[in-house]
Amino acid sequence: MNLAINANAATAQMRAVEKRLKTIARELDGKRWTTTIAIPAAQERKLSWFNEGTKRQPARPILTVNKVARGVMVTAVRERFGAQMREGAGEPSMLAALTVGAYALRRLWVQRFEASGGDITLAPLSISWARTKRRRNLDPRIGRATGALAAAMARGQMITRKA
């Protein structure tokens with residue numbers, strides 16, 4: 001039995017699939033689709049204050065969608081749907097692909113809390129708040145006094161819909 005593989009055609013197909021997967025993942029950060037995280041209202045307020053800042057606290061934009069975040073989304077979509085697309089199973093629905101990307105983004109946001117920023121730079125804690133956290137035996141990381149916000153985000157449902 002002879003087996004012939006057209007390497008050029010396979011490579012072209014793989015590149016086309018990769019290009020389409022990247023396009024699908026970029027839609028999450030676009031204007032046609034929106035993604036929100038559903039968390040309890042009290043934690044939602046804290047997340048808003050943390051992300052956008054207040055009169056007494058600088059903005060710490062943990063929800064930033066930057067190059068790293070886009071890469072995380074593309075990788076998640078590629079891992080979930082790439083093999084089936086290369087095998088000719090067809091393209092996933094945009095909603096399915098964006099949902100996979102959204103949950104990957106949520107994992108990155110939680111990792112940012114774990115690392116006090118990670119791939120982004122967060123404004124440091126004020127000296128007085130750092131002392132208070134130490135005195136109260138709270139988590140010294142930025143945004144992690146009790147861990148309730150990060151825990152809520154880790155459990156939060158990602159909701160993706162057309163804008």
Side-chain angles (χ1 to χ4, degrees), residues 13-54 56-125 129 133 138-163:
Q13 179 188 10
M14 188 172 73
R15 284 187 181 139
V17 167
E18 289 294 320
K19 182 178 179 183
R20 184 62 187 137
L21 287 168
K22 285 181 182 179
T23 300
I24 290 169
R26 276 195 303 268
E27 287 284 325
L28 189 58
D29 192 28
K31 293 182 176 29
R32 297 188 318 174
W33 293 83
T34 60
T35 297
T36 55
I37 186 168
I39 58 177
Q43 298 304 324
E44 188 175 328
R45 281 190 305 278
K46 288 180 184 178
L47 179 58
S48 177
W49 298 333
F50 187 81
N51 193 62
E52 298 165 18
T54 64
R56 295 176 25 178
Q57 170 180 297
R60 294 185 174 95
I62 204 97
L63 304 179
T64 297
V65 178
N66 58 9
K67 187 176 180 178
V68 170
R70 286 183 191 92
V72 164
M73 290 185 287
V74 168
T75 298
V77 171
R78 181 186 304 126
E79 288 175 357
R80 173 65 180 86
F81 299 108
Q84 74 183 41
M85 287 176 69
R86 285 188 293 276
E87 293 168 3
E91 190 173 298
S93 73
M94 185 63 76
L95 181 59
L98 293 177
T99 299
V100 167
Y103 278 96
L105 186 59
R106 181 189 73 178
R107 285 188 298 275
L108 175 66
W109 292 342
V110 173
Q111 287 170 1
R112 287 174 175 169
F113 271 105
E114 294 294 321
S116 290
D119 67 297
I120 60 172
T121 302
L122 299 178
L125 297 175
W129 180 235
K133 288 178 88 172
L138 299 173
D139 192 316
R141 293 173 288 177
I142 298 170
R144 294 289 305 220
T146 65
L149 179 54
M153 288 180 66
R155 291 186 309 270
Q157 179 181 5
M158 298 300 287
I159 301 167
T160 302
R161 62 181 164 256
K162 280 195 172 189

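Only a predicted model underlies this, so the values are computations on that prediction, with no experimental measurement involved. When reading the values below, keep in mind they use all heavy atoms of this one structure, side chains included, and skip hydrogens, waters and symmetry mates.
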Hey, does the side chain of [X] reach the backbone of [Y] with a donor-acceptor pair shorter than 3.5 angstrom?
X	Y	value
Arg106	Ala154	yes
Gln57	Trp49	yes
Arg155	Ile39	no
Ser48	Glu44	no
Arg112	Gly118	no
Ser116	Ile142	yes
Asn51	Leu63	yes

- Message: Regarding Glu114 and Arg144, does a basic nitrogen lie under 4.0 Å from an acidic carboxylate oxygen?
- Response: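 Salt bridge present between Glu114 and Arg144.
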Inter-residue atom distance [X].[atom1] - [Y].[atom2], 0.5 Å rounding:
X	Y	atom1	atom2	value
Thr75	Arg80	OG1	CZ	15.5 Å
Leu47	Ile62	CG	CD1	8.5 Å
Asn66	Ile120	CG	CD1	7.0 Å

What's the shortest heavy-atom distance between [X] and [Y], and which atoms?
X	Y	answer
Arg161	Thr36	NH2-OG1, 4.2 Å
Trp129	Ala145	CZ2-CB, 4.1 Å
Val65	Met73	CG1-CE, 3.9 Å
Ala123	Arg60	O-NE, 2.7 Å
Trp109	Thr64	NE1-O, 4.1 Å

- Apply the test side-chain contact (heavy atoms from CB on, under 4.5 Å) to residues Met158 and Thr99: give CA-CA distance (whole Å), side-chain angles for both, the deciding distance (0.1 Å), then the verdict. CA-CA 7 Å; Met158 298 300 287; Thr99 299; 6.0 Å; no
- Message: With side-chain contact (heavy atoms from CB on, under 4.5 Å) as the criterion, how do Met153 and Phe113 come out once you've worked through the C-alpha distance, each side chain's angles and the decisive distance to 0.1 Å?
- Response: CA-CA 10 Å; Met153 288 180 66; Phe113 271 105; 3.2 Å; yes
- Verify salt bridge (charged side-chain N to carboxylate O under 4.0 Å, His left out) between Lys133 and Asp139, making sure each step is shown before the conclusion. CA-CA 7 Å; Lys133 288 178 88 172; Asp139 192 316; 5.5 Å; no
- Message: When you compare the side chain of Leu122 with that of Phe50, does any pair of heavy atoms fall below 4.5 Å?
- Response: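 Yes, side chains in contact.
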- Please lay out, stage by stage, how Ile159 and Thr35 fare under the test side-chain contact (heavy atoms from CB on, under 4.5 Å). CA-CA 5 Å; Ile159 301 167; Thr35 297; over 6 Å; no
- Item | Leu105/Ile37 under side-chain contact (heavy atoms from CB on, under 4.5 Å): CA gap, chis, key distance, verdict | CA-CA 10 Å; Leu105 186 59; Ile37 186 168; over 6 Å; no
